[in-house]
There are 2 protein chains.
Amino acid sequence: MPDTNSKKQNTNVGPLNDLMTYHLRRAQVCAFNNFTEAMTETQVTPGQFGVLTLIASNKGISQSAVARALGVERSTMVAVIDGLQNRGLVVRKPSPTDRRSNALELSDKGQEIYERGLELAKNGDRKTASALSDEEAVQLVTLLRKLNSAIDG
Amino acid sequence: MPDTNSKKQNTNVGPLNDLMTYHLRRAQVCAFNNFTEAMTETQVTPGQFGVLTLIASNKGISQSAVARALGVERSTMVAVIDGLQNRGLVVRKPSPTDRRSNALELSDKGQEIYERGLELAKNGDRKTASALSDEEAVQLVTLLRKLNSAIDG
DNA sequence: TATTGTTATACTCTATAACTATA
DNA sequence: TATAGTTATAGAGTATAACAATA
């Protein structure tokens, strides 16, 4: 990870300072770093946590459905599920209604890790939002949700 | 790029919906896609545009200073500058004050591409923010700027 | 001693295309 | 015909560690 705390003079970023894309990028990198740090204990990445949450909230969901919900290709999901299965957190069961698809479930250990991870993820969020008041943090999430609803709605 | 416009039923993303990190990630992917689409004409990526802007706003800046300002390693900058130099957009000049470092400048073509790119980048931003009112878009950037100031301040 | 640019290397995340087995 | 899971492959983007030249 590059040095973000350096006491060097702040370089003028020019018109970048008015670009939403730039600030979204910086904020996302910051959020991922805080998330990863907060989740150390579980060794679960942001992407993996998304998958665990989808499965926890939709028992028996298929790999393709998880991929669609998270906005990635289903081929990308294979290795992710492989990793979670190898760690004993997720189980691929045969779907009772479609012999092509896997019904994904959390193992007991997966459920534990997920529940613990949810608390830790909230800690990461709090650190990311530490420069904002509670009200501002809520405002930010509300705006982001609205922005995103345009694409996955 | 995965299908984000599918008319499939929306899967319940559970507690993800309350995580700032999740929404930042979705928004950033959306913003990058819109940026890339808007910039097609220039064939300049978000990362490259950041570098062009830094150089435009700080003529003679060093590679290390660009890297620090953008929050990446200086080793990462080498290939980026190489690419921009090979396209004839950026020039590495010897620094007049430090024989270790390069003084980066935009070529005339680089200046042109940068100025055109800035307009196109704003178009990308507008598309990203299309679900928000003007006031909300400003609010969002303000909040993100405040959030980010905590790390690069 | 510290910093600049560089190289070599590797890792993560992701996409595309094609295959198979089902639906 | 279309979809689910899979494989093989490739491309961004990035980091770490080391080195020579210079500060």
Side-chain angles (χ1 to χ4, degrees), chain A residues 1-4 6-9 11 21 25-26 28-30 32-33 35-36 39 43-51 60-85 90-104, chain B residues 1-4 6-9 11 25-26 28-30 32-33 35-37 39 43-51 60-85 90-104:
Chain A
M1 193 158 57
D3 177 18
T4 55
S6 86
K7 299 303 180 191
K8 295 269 156 46
Q9 73 177 15
T11 303
T21 303
R25 167 69 178 162
R26 298 294 301 241
Q28 191 257 308
V29 169
C30 168
F32 261 42
N33 287 340
F35 186 99
T36 302
M39 293 286 275
Q43 289 294 305
V44 167
T45 67
Q48 290 173 331
F49 183 71
V51 172
I61 193 174
S62 72
Q63 292 181 196
S64 289
V66 172
R68 272 193 302 271
L70 296 181
V72 298
E73 287 294 329
R74 68 192 194 283
S75 64
T76 305
M77 286 307 306
V78 178
V80 179
I81 304 290
D82 283 353
L84 293 172
Q85 191 174 45
V90 164
V91 187
R92 283 174 163 111
K93 294 196 175 175
S95 161
T97 59
D98 186 339
R99 288 194 303 176
R100 292 172 305 181
S101 76
N102 297 323
L104 301 174
Chain B
M1 196 158 55
D3 179 17
T4 54
S6 86
K7 299 304 180 190
K8 297 268 156 51
Q9 71 176 17
T11 303
R25 167 67 178 163
R26 298 294 300 242
Q28 191 258 309
V29 169
C30 169
F32 260 44
N33 288 339
F35 186 99
T36 302
E37 188 189 349
M39 294 285 277
Q43 289 295 304
V44 168
T45 65
Q48 290 174 331
F49 184 72
V51 172
I61 192 174
S62 72
Q63 293 180 196
S64 288
V66 172
R68 273 192 302 269
L70 296 180
V72 299
E73 287 295 328
R74 67 190 195 282
S75 63
T76 305
M77 287 306 305
V78 178
V80 179
I81 305 289
D82 283 352
L84 293 171
Q85 191 174 46
V90 164
V91 187
R92 282 174 164 111
K93 295 197 174 173
S95 161
T97 59
D98 186 337
R99 288 194 304 176
R100 291 172 304 180
S101 76
N102 298 323
L104 302 174

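Note that these values count all heavy atoms, side chains included, but never hydrogens, waters or copies made by symmetry. So that the names make sense, note that chain A is the first sequence line, chain B the second, and so on, each numbered from 1.
A:Q28 places its CD atom 13 Å from the C1' atom of C:dT12, with the value rounded to the nearest Å. Between the CG atom of A:D82 and the P atom of C:dT12 there is a distance of 15 Å, given to the nearest Å. At whole-Å resolution of the value, CG in A:N33 and P in C:dT12 are 15 Å apart. Per the geometry, CD belonging to A:Q63 stands 15 Å off C1' belonging to C:dT22, to the nearest Å. Distance CG (B:N102) to P (C:dT3): 18 Å, rounded to an integer number of Å. The interatomic distance linking B:Q48 (CD) with D:dA12 (C1') rounds to 11 Å, in whole Å. Rounded to an integer number of Å, the gap from CD of B:Q85 to P of C:dG5 is 13 Å. When rounded to the nearest whole Å, the span between CD of A:Q43 and P of C:dT12 equals 11 Å.
Every residue two or more places apart in sequence or in another chain was checked for a salt bridge (Lys or Arg N to Asp or Glu O under 4.0 Å) with B:R99, and none qualifies.
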**Footprint string (nucleotides 14-21 of chain D, 5' to 3'): B base within contact, S backbone only, - free, heavy atoms under 4.0 Å** = SBBB---B
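Toward the 5' end of DNA chain D, the nearer of the two residues A:I61 and B:T45, judged by each one's closest nucleotide, is A:I61.
Taking the side chain as every heavy atom from C-beta outward, B:N33 and B:E37 never approach each other to under 4.5 Å. Residues A:V72 and A:M77 have side chains in contact (heavy-atom distance under 4.5 Å, counting atoms from C-beta outward). Using a 4.5 Å cut-off on side-chain heavy atoms (C-beta onward), B:R74 and B:Q63 make no contact. Side-chain contact check for A:N102 versus A:K93: every heavy-atom pair is 4.5 Å or farther apart. In this structure the side chain of B:S62 never reaches within 4.5 angstrom of the side chain of B:L104, judged on heavy atoms.
In this structure, B:S95 OG and B:I61 CD1 are separated by 12.0 Å, a value rounded to the nearest 0.5 Å.
You'll find that the side chain of B:S101 is closest to C:dT4, out of C:dT6, C:dT4, C:dC13.
Taking 4.0 angstrom as the limit, B:R99 places a side-chain polar atom (N or O) nearer than this to OP1 or OP2 of D:dA23.
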